[in-house]
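These notes concern the structure reproduced below.
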Amino acid sequence: MLQTVVVLVALASSAFAHYTFPSLIVDGVKTAPWVNVRKTNNYYSQAPVTNVSSPDFRCYDTQTHATAQTISVAAGTTLGIACDQTIYHPGVVNVYMARAPHGADLASWDGAGRVWFKAHAVGAVTDGGGSIEWPAQGRAAVHWKLPRALPSGEYLVRMEAIALHAAGEVGGAQFYISCGQIKVTGGGEGTPGPLVAIPGVYTGEEPGILIDIYWPIPRNYTQPGPAVWSG
Ligand SMILES: *[C@@H]1O[C@H](CO)[C@@H](O)[C@H](O)[C@H]1NC(C)=O
Ligand SMILES: *[C@@H]1O[C@H](CO)[C@@H](O)[C@H](O)[C@H]1NC(C)=O
Ligand SMILES: [Cu+2]
């Protein structure tokens, strides 16, 4: 009897709990949860962030005050960020990165200031009002190639999966956030940008954040934030 209850609770939480992004994927290997990613306030399926101006909007670790171990990744290789389940809400993904200042200890660096560039994005597919699709939906991870021009150094890698199922009013979009810690090796001489501050990058009223995705079906979709820096 107790076993049945435990199994049902486990099934229910995997099916209905909010999701998190606790792992990186480096050289094809998924890291253990919250080892190379700062443990977030919602590590135990608490609510995602909805206030784009909140201090929690950066790494969502204001209560856990978490830091993580930094993992080495070579420039030019593929980096992934893994969900604890799948990205089951409709929505889009942005990944931002920020390089810690020379001499700073990444584990204690807070990522304040205009230091973030967009490293990767997964948007929406529209066809002029007939349908709108969300390529990130249903995925267990996102992957992208770190440009060879990315300078060597220590970076925060911030996942931002924006769930848009309730985004028709201000504060309705849900932001599933976490920050990993990587050390880029063998990098190049590029200048990542444009740089933005987080929080600060959004007002919450961008057409890609304040949006009714159901009716009328949007004819187009504008990814929030700056363009991706691709090296
Ligand atoms: C959002 O966060 C900012 C900064 O902490 C705060 O001033 C504001 O009241 C918050 N807004 C809501 C709706 O909670
Ligand atoms: C679609 O494009 C129009 C014209 O550029 C723009 O005003 C509108 O905000 C866009 N809608 C979305 C949801 O991005
Ligand atoms: Cu949810």
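We're numbering straight along the sequence, starting at 1. Read the numbers this way: they start at 1 and go in the same order the structure lists the ligands and their atoms.
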In H89, which N, O or S atom comes closest to the Cu ion (ligand 3)? NE2
So which of the N, O or S atoms of H18 lies nearest the Cu ion (ligand 3)? ND1
Please name all residues satisfying ring pair (Phe, Tyr, Trp, His ring centres under 6.0 Å) with W109, sequence neighbours left out, ordered by chain then number. none
Could you tell me whether the Cu ion (ligand 3) has an N, O or S atom of Y19 under 2.8 Å away? no
Output field: ring centroids H120/Y96 closer than 6.0 Å: no
So, does R158 use its side chain to make a donor-acceptor pair with the main chain of V95 at under 3.5 Å? no
Q137 side chain to P135 main-chain N or O, any donor-acceptor pair under 3.5 Å? no
For ligand 2, would you mind listing the residues that have at least one heavy atom less than 4.0 Å away, ordered by chain and number? P207, I211, N220, Y221, T222
Which ligand 1 atoms, with their elements, are less than 4.0 angstrom from a heavy-atom of S54? 2 (O)
Under 4.0 Å to a heavy atom of N51 - the qualifying atoms of ligand 1, by number: 1 (C), 2 (O), 3 (C), 8 (C), 10 (C), 11 (N), 12 (C), 14 (O)
Does F21 form a ring-ring contact (aromatic ring centres under 6.0 Å, His included) with Y176? I'd like the steps, not just the answer. CA-CA 8 Å; F21 294 91; Y176 293 80; 7.2 Å; no
Looking at ligand 1, does P199 have a heavy atom less than 4.0 Å from it? no
Can you find a non-hydrogen atom of G171 under 4.0 Å from ligand 1? no
Report the C-alpha separation of T20 and D84 in whole Å, then their side-chain angles, then the decisive distance to 0.1 Å, and conclude whether the side-chain hydrogen bond (donor to acceptor under 3.5 Å, both in side chains) test is met. CA-CA 6 Å; T20 60; D84 64 338; 3.3 Å; yes
Kindly indicate, with the supporting measurements, whether the criterion side-chain hydrogen bond (donor to acceptor under 3.5 Å, both in side chains) is fulfilled by N36 and Q69. CA-CA 5 Å; N36 299 113; Q69 296 168 28; 4.9 Å; no
